> 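Okay, here's the structure, questions in a sec.
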Amino acid sequence: GMTQAKNDRAASVTQNSAHLDGHTVSGTVDVGPVSITAAYAKENQNTADQVWYGVGAIYSMTKMDKVSVGWGHGETQDGLASAVDTENDIITIGWSRNLGKGISFAGSGFYSEEELGTSAKNPKGYGLVAGIRMTF
């Protein structure tokens, strides 16, 4: 699919609230037990442009189990002379299991790193999340 947004109103409160526009494009392809999704998004602001793109895949191992992997990259390109461009990367892996009768368990983990241009500090992070989903 594709979406587009545009805002040409005059800046009444802050300069960053005016003249914003952006668009996103995404698509999914299913091939047997594999589902592959890709997305791209761009937002133009007064002082910065933001771009994000990524791809992910889900593999249905059985009727009960699925595994997933994904990667995303984002950039902020600041138009101010004193500003610093930043880049972000994230990698995810996940697993889910259908427990039956509308109940499923899922868990995932991620690794992320950010490059802050000329900064000596480039944060890195990781996390794990798990949960149970119940549908009625």
Side-chain angles (χ1 to χ4, degrees):
M2 181 176 169
T3 60
Q4 185 169 357
K6 188 163 181 79
N7 178 5
D8 285 329
R9 67 186 169 112
S12 58
V13 179
T14 64
Q15 186 64 22
N16 287 335
S17 66
H19 306 295
L20 307 176
D21 65 87
H23 58 273
T24 62
V25 177
S26 64
T28 301
V29 175
D30 294 319
V31 181
V34 178
S35 179
I36 300 171
T37 300
Y40 171 86
K42 183 169 184 175
E43 184 176 86
N44 302 312
Q45 300 179 1
N46 286 340
T47 60
D49 290 338
Q50 295 178 335
V51 175
W52 182 89
Y53 48 91
V55 65
I58 298 173
Y59 174 65
S60 297
M61 300 182 337
T62 66
K63 288 185 178 184
M64 305 293 280
D65 295 296
K66 294 180 182 180
V67 293
S68 63
V69 63
W71 169 80
H73 178 80
E75 297 178 10
T76 299
Q77 301 162 342
D78 211 317
L80 300 176
S82 62
V84 175
D85 295 346
T86 61
E87 292 187 27
N88 301 300
D89 284 294
I90 188 165
I91 298 170
T92 65
I93 58 170
W95 170 73
S96 68
R97 178 160 181 90
N98 182 349
L99 302 175
K101 300 193 182 212
I103 300 173
S104 61
F105 172 81
S108 65
F110 72 88
Y111 174 77
S112 172
E113 51 183 51
E114 184 173 17
E115 185 177 316
L116 301 174
T118 59
S119 173
K121 296 180 181 180
N122 292 319
K124 296 177 177 146
Y126 57 90
L128 297 170
V129 64
I132 295 175
R133 178 180 178 190
M134 298 180 358
T135 56
F136 301 98

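Computed from heavy atoms alone, side chains included, the values below leave out hydrogens, waters and symmetry copies. Computed from a prediction, not measured in an experiment: that's the story for all the values here.
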> Would you tabulate the side-chain donor-acceptor contacts of residues 123-136 under 3.5 Å, counting partners in other chains and residues two or more places apart, or write 'none'?
from: T135; atom 1: OG1; to: G102; atom 2: O; distance (Å): 3.3

> With sequence neighbours excluded, what pairs up with D89 under the side chain to side chain donor-acceptor pair (under 3.5 Å) test?
H73
> What pairs with T28 under side chain to side chain donor-acceptor pair (under 3.5 Å), at least two apart in sequence or on another chain?
T37
> Over all heavy atoms of both residues, which pair between K63 and N98 is shortest? Give the atoms and the distance, please.
O-CB, 4.3 Å
> side-chain contact (heavy atoms from CB on, under 4.5 Å) with A39: which residues, sequence neighbours excluded?
S26, W52
> What pairs meet the salt bridge (Lys or Arg N to Asp or Glu O under 4.0 Å) rule with one or both residues in residues 103-117, with sequence neighbours excluded?
none
> Find the distance between OH (Y111) and CH2 (W71) and round it off to the nearest 0.5 Å.
15.0 Å
> Taking side-chain contact (heavy atoms from CB on, under 4.5 Å) as the definition, give me every residue that meets it alongside A57, ordered by chain and number, with sequence neighbours left out.
I36, V69
> Could you label the plane-to-plane angle of the H23 and Y40 rings as parallel, tilted or perpendicular, counting under 30° as parallel and over 60° as perpendicular?
tilted
> How long is the span from the CG atom in D49 to the NZ atom in K42, to the nearest 0.5 Å?
5.0 Å
> Could you state the interatomic distance from OG1 (T86) to CD (Q50), rounded to the nearest 0.5 Å?
8.0 Å
> Taking only residues two or more places apart in sequence or in another chain, which ones pass side chain to side chain donor-acceptor pair (under 3.5 Å) with S35?
D30
> Give a yes or no on whether I103 atom CD1 has more than 12 heavy-atom contacts from other residues, nucleotides or ligands under 6.0 Å away.
yes
> Under 4.5 Å between side-chain heavy atoms, hopping through other hydrophobics if needed: is there a path connecting Y59 to V55?
yes
> What pairs with D65 under salt bridge (Lys or Arg N to Asp or Glu O under 4.0 Å), at least two apart in sequence or on another chain?
R97
> In this structure, would I58 and L99 fall into the same cluster of hydrophobic residues linked by side-chain contacts under 4.5 Å?
no
> In the hydrophobic clustering (ILVMFWY, side-chain contacts below 4.5 Å, transitive), which residues join F110, or is it alone?
I90
